[in-house]
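Everything on this sheet refers to the single structure shown next.
None of these values were measured; they are calculated from a predicted model. Side chains are part of it too, since the values below use all heavy atoms of this structure and drop only hydrogens, waters and symmetry mates.
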Amino acid sequence: MEHLINDRVKNIQISGIRTFFNMVSQYEDVLSLTIGQPDFLTPDSVKTAAKQAIDQNKTSYTHNAGILELRQAASQFVRTNYNQQYDPETEVIVTIGASQAIDIAMRTILEEGSEVILPGPVYPGYEPLIRLAGAIPVHVDTTNTGFRLTADLINQHITEKTRCIILPYPSNPTGVTLSKTELEDIATLLHDKDIFVLSDEIYSELVFDGKHESIATIPSMRDKTIVVNGVSKSHSMTGWRIGLLFAPAYISKHMLKVHQYNVSCASSISQIAALEALTTAKDESILMKQEYEKRRNYVYERLVAMGFEVEKPSGAFYLFPSIQKFHKSSFDFALSLVKDAGVALVPGNAFSTLGEGYVRLSYAYSMDTLTEALNRLEHHLNKN
Ligand SMILES: Cc1ncc(COP(=O)(O)O)c(C=O)c1O
């Protein structure tokens, strides 16, 4: 009876990152730099808060939007760090990871046939959710603009069906961020247009050069922007599944309905852990960032020394070098690295067809692992 499965669901695919990761696990002695999973432990105080919450039986449903103290802490965190202003009572929703936040946002604002502009190459989590909402992803080639979705590029792709633009910066897979001026140019373009922006800022705590800038802080954009964030990457809490949605009340009140009927609320214990992360443990992310920055510099310099063409990332924990000069598809290149060098990188085509000709390297791994993997890569290139 498989023909009775919903067509939209049948037509979406399992993420290429996972597929490649699972395939790589069959090979022995492979150093994998494939997953965007911080290698730090969740801070101790966060774990303690969660254990205490269990012992104190804080195990019931919470408010659908999340416990108020957490919404207050989240609102305070983004106000202090990024100058974003959101009312914790009406403009903040605690979700199950950034992933669910994106899903709720898409289902709330998109109609059948709506178009969503997004850069390519891009994190593969958006396209399936856009399609499940009945809408159409419009990937814009950013390979000639240093992976930046510029106002000009957006302008070339806007139609009367455009409902939303996704700004996923700092970017997975490229590590690129947008400057305040670039965001202002986009704001100027959108000034007289009724188009939403979904700003995925899950890597906002990991910005190395300068500080994180959000389009939501530009006055004309606040009312059109939905901000996605969370503690997965900032506090090494991917398995706790806590994301955050910030949006003006007129959008949030509708997103809350989708969230309520979908999951009721995020896990009460994880919410208490996230509260600890955003209050007492709020500076833990700064320590992790310092370590990531060292790794970024190290990996970048080594790749450049090996002759790779690569954009120096200013955020997140990825590099996206070009492999075009090897005249192989990104899949074949990555597979030969696994088989012949014992190193796994993600083929760029996992990040839309516009990622073909690149590979993604995650440096959310220890210095020892990175050093050994880069030695293997260098040896492999010298041999061939
Ligand atoms: C750009 C981007 N957005 C969202 C997510 C999902 O985050 P979460 O684990 O909080 O659902 C990821 C995870 O890798 C990501 O890279």
Inset, instruction - Would you indicate whether the side-chain heavy atoms of Ile226 and Ile251 approach each other to under 4.5 Å? - result: yes
Inset, instruction - Determine whether Ile117 and Thr162 make a side-chain contact, defined as any pair of heavy atoms from C-beta on separated by less than 4.5 Å. - result: yes
Legend entry - Counterpart residues, salt bridge (Lys or Arg N to Asp or Glu O under 4.0 Å), relative to Asp192 (two or more places apart): none
Legend entry - Face-on cation placement of Arg296 at Tyr300 ring, 6.0 Å and 45° thresholds: no
Inset, instruction - Would you check if Thr143 and Pro121 make a side-chain contact, meaning some heavy-atom pair closer than 4.5 Å? - result: yes
Inset, instruction - Answer yes if the side chains of Ser204 and Asn229 hold a donor-acceptor pair under 3.5 Å, and no otherwise. - result: yes
Inset, instruction - May I have all residue pairs that pass salt bridge (Lys or Arg N to Asp or Glu O under 4.0 Å) and include part of residues 119-146, sequence neighbours excluded? - result: Glu127-Arg131
Inset, instruction - Would you please name every residue forming a side-chain contact (heavy atoms from CB on, under 4.5 Å) with Tyr61, sequence neighbours left out? - result: Ser264, Cys265
Legend entry - Pair Asp200-Tyr126, side-chain donor/acceptor within less than 3.5 Å: yes
Legend entry - Test item: side-chain donor near acceptor, Glu182 and Thr150, under 3.5 Å: no
Inset, instruction - Please tell me if the side chains of Leu70 and Leu278 come closer than 4.5 Å, counting only heavy atoms from C-beta onward. - result: yes
Inset, instruction - Check whether any side-chain heavy atom of Leu33 sits under 4.5 Å from a side-chain heavy atom of Val346, and report yes or no. - result: no
Inset, instruction - Go through Arg376 and Asp340 one step at a time and tell me if the salt bridge (charged side-chain N to carboxylate O under 4.0 Å, His left out) criterion holds. - result: CA-CA 9 Å; Arg376 289 185 186 187; Asp340 304 335; over 6 Å; no
Inset, instruction - Check whether Tyr292 and Leu361 end up in the same hydrophobic cluster, where Ile, Leu, Val, Met, Phe, Trp and Tyr are linked by side-chain heavy atoms less than 4.5 Å apart. - result: yes
Inset, instruction - Grab the two heavy atoms, one from Gln100 and one from Val263, that are nearest each other, plus how far apart they are. - result: NE2-CG2, 3.4 Å
Legend entry - For Lys339, all residues meeting side-chain contact (heavy atoms from CB on, under 4.5 Å), sequence neighbours excluded: Tyr27, Leu335
Inset, instruction - Classify the side-chain pair His235/Glu205 by whether it contains a donor and acceptor separated by less than 3.5 Å. - result: no
Legend entry - Phe308, Tyr123, Tyr358 screened by ring pair (Phe, Tyr, Trp, His ring centres under 6.0 Å) with Phe320, the one that passes: Tyr358
Legend entry - Pairs touching residues 150-194 that satisfy ring-ring contact (aromatic ring centres under 6.0 Å, His included), sequence neighbours left out: none
Legend entry - Distance-only polar pair, side chains of Thr48 and Gln52, donor-acceptor under 3.5 Å: no
Legend entry - Side-chain H-bond candidate by donor/acceptor type, Gln84 with Ser214, under 3.5 Å: yes
Inset, instruction - Take Lys233 and Glu201 through the test salt bridge (charged side-chain N to carboxylate O under 4.0 Å, His left out) and record every step on the way to the result. - result: CA-CA 10 Å; Lys233 315 286 175 170; Glu201 304 182 12; over 6 Å; no
Legend entry - Partner set under salt bridge (Lys or Arg N to Asp or Glu O under 4.0 Å) for Glu69, not counting sequence neighbours: none
Inset, instruction - Would you name the heavy atoms of Ser114 and Ala135 that are closest together and state the gap between them? - result: O-CB, 3.2 Å
Inset, instruction - Search all heavy atoms of His380 against all heavy atoms of Ser336 and return the closest pair with its distance. - result: CE1-O, 4.2 Å
Inset, instruction - Would you please say whether a donor-acceptor pair under 3.5 Å links the side chains of Thr174 and Glu311? - result: no
Inset, instruction - Consider only side-chain N and O atoms of His254 and Lys257, and report whether a donor and an acceptor are under 3.5 Å apart. - result: yes
Legend entry - Residue pair Ile154 / Val140, side-chain heavy-atom distance below 4.5 Å: no
Inset, instruction - Report the C-alpha distance between Leu183 and Leu167 in whole Å, list the side-chain angles of each, state the deciding distance to 0.1 Å, and finish with yes or no for side-chain contact (heavy atoms from CB on, under 4.5 Å). - result: CA-CA 10 Å; Leu183 294 172; Leu167 292 183; 4.2 Å; yes
Inset, instruction - Only counting residues at least two apart or in another chain, list the ones meeting salt bridge (Lys or Arg N to Asp or Glu O under 4.0 Å) with Glu291. - result: Lys294, Arg295
Legend entry - Nearest non-hydrogen partners of Leu370 and Ser362, listed with the distance: CD2-O, 4.2 Å
Inset, instruction - Assess whether atom CZ of Arg18 is packed by more than 12 heavy atoms of other residues, nucleotides or ligands within 6.0 Å. - result: no
Inset, instruction - May I have the step-by-step check of side-chain contact (heavy atoms from CB on, under 4.5 Å) for Leu178 and Glu213, ending in yes or no? - result: CA-CA 8 Å; Leu178 293 191; Glu213 298 288 353; over 6 Å; no
Legend entry - Transitive ILVMFWY side-chain link Leu153 to Ile186, under 4.5 Å: yes
Legend entry - Check: Thr217 and Arg222 side chains under 4.5 Å, non-hydrogen atoms: no
Legend entry - Lys51/Asp55 salt bridge by N-O under 4.0 Å criterion: no
Inset, instruction - Taking atom types as modelled, find out whether Glu309 and Gln324 have a side-chain donor-acceptor pair closer than 3.5 angstrom. - result: no
Inset, instruction - Identify the heavy atoms of Met288 and Leu41 that sit nearest to each other, and give their distance. - result: CE-O, 4.4 Å
Inset, instruction - Could you tell me which non-hydrogen atom of Ala266 sits nearest to which non-hydrogen atom of Thr95, and how far apart they are? - result: CB-O, 3.8 Å
Legend entry - Side-chain H-bond candidate by donor/acceptor type, Asp87 with Thr90, under 3.5 Å: yes
Inset, instruction - Answer yes if Ile195 and Val197 sit in the same cluster of Ile, Leu, Val, Met, Phe, Trp and Tyr residues linked by side chain heavy atoms under 4.5 Å apart, and no otherwise. - result: yes
Inset, instruction - Please list, chain by chain and in numerical order, all residues satisfying ring pair (Phe, Tyr, Trp, His ring centres under 6.0 Å) with Tyr365, sequence neighbours excluded. - result: none
Inset, instruction - Flag yes if Phe147 and Val299 sit in one hydrophobic cluster, no otherwise; membership is Ile, Leu, Val, Met, Phe, Trp, Tyr, and two members link when side-chain heavy atoms are under 4.5 Å apart. - result: yes
Legend entry - Residues that Lys47 engages under salt bridge (Lys or Arg N to Asp or Glu O under 4.0 Å), provided they are two or more places apart: Asp44
Legend entry - Asn375 vs Arg302, side-chain contact (heavy atoms from CB on, under 4.5 Å): CA-CA, chis, key distance, verdict: CA-CA 9 Å; Asn375 289 347; Arg302 292 237 17 213; 2.8 Å; yes
Inset, instruction - Quick one: list whatever passes side-chain contact (heavy atoms from CB on, under 4.5 Å) with Gln85, sequence neighbours left out. - result: Arg79, Asn83
Legend entry - Side chains of Thr177 and Ser314, donor plus acceptor under 3.5 Å: yes
Inset, instruction - Please confirm whether the backbone N or O of Lys328 pairs with a side-chain atom of Asp332, one donor and one acceptor, at under 3.5 Å? - result: no
Inset, instruction - With the side chain counted from C-beta on, respond yes when Tyr318 and Tyr203 share a heavy-atom pair under 4.5 Å apart, and no when they do not. - result: yes
Inset, instruction - List in chain and number order the residues that pass ring pair (Phe, Tyr, Trp, His ring centres under 6.0 Å) with Phe246, two or more places apart in sequence or in another chain; answer none if no residue qualifies. - result: Tyr86
Legend entry - Val138 reachable from Leu129 in the ILVMFWY side-chain graph, under 4.5 Å edges: no
Legend entry - Listed partners of Lys282 passing side-chain contact (heavy atoms from CB on, under 4.5 Å), at least two apart: Phe77
